[in-house]
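Below: one structure, written as structure tokens.
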Amino acid sequence: MASYKAAESKREEFRRYLEKCGVLDNLTKVLVALYEEPEKPNDALQFIKQHMTSGGPDTADVEALKLEVEDLQNKNQALEQTVQELKQRLSQYEAPQEGGDENAEAQS
């Protein structure tokens with residue numbers, strides 16, 4: 001009887017370990033996805049392997065990357081606007097110089 005309790009205790013400890021690490025949640029999600037699959041795959045084990053390894057990045061990582069992309073797009077837009085403004089200012093200074101050169105030559 002003591003060996004039964006020891007084995008049961010080890011099983012419970014292992015279950016808590018799997019739950020703490022998120023294994024049970026992920027396994028449950030994959031099994032639910034397989035259950036809800038309209039056309040069951042021929043190789044269920046391959047389906048499980050693909051879905052267990054293709055978890056993708058964490059939601060927090062995705063959100064952080066989305067915020068970074070948005071920030072960089074805003075910075076890019078501001079820089080493009082600055083470039084356009086500087087090009088306009090440069091063209092204003094270039095136009096009078098060309099006319100100014102002709103006047104300088106005419107006066108000589």
Salt bridge (charged side-chain N to carboxylate O under 4.0 Å, His left out): pairs with one or both residues in residues 76-89, sequence neighbours excluded: none
Ring pair (Phe, Tyr, Trp, His ring centres under 6.0 Å) contacts touching residues 73-92 (sequence neighbours left out): none
More than 12 heavy atoms from other groups under 6.0 Å of CD on Glu8: yes
Which residues share a side chain to side chain contact (heavy atoms under 4.5 Å, CB included) with Leu31, sequence neighbours left out: Leu27, Ile48
Residue pairs, two or more places apart or on separate chains, that pass salt bridge (charged side-chain N to carboxylate O under 4.0 Å, His left out) and touch residues 16-26: Glu12-Arg16, Arg15-Glu19
Contact list for residues 18-47, test ring pair (Phe, Tyr, Trp, His ring centres under 6.0 Å), sequence neighbours left out: Phe47-His51
Pairs meeting criterion salt bridge (charged side-chain N to carboxylate O under 4.0 Å, His left out) with involvement of residues 64-79, two or more places apart: Asp71-Lys75
Pair listing, salt bridge (charged side-chain N to carboxylate O under 4.0 Å, His left out) test, anchored in residues 30-44, at least two apart: none
Residues that Gln73 engages under side-chain hydrogen bond (donor to acceptor under 3.5 Å, both in side chains), provided they are two or more places apart: none
ILVMFWY clustering at 4.5 Å (side-chain atoms), partners of Leu18: Phe14, Tyr17, Val23, Leu24
Side-chain cluster (under 4.5 Å, hydrophobic types only) that Val69 belongs to, other residues: none
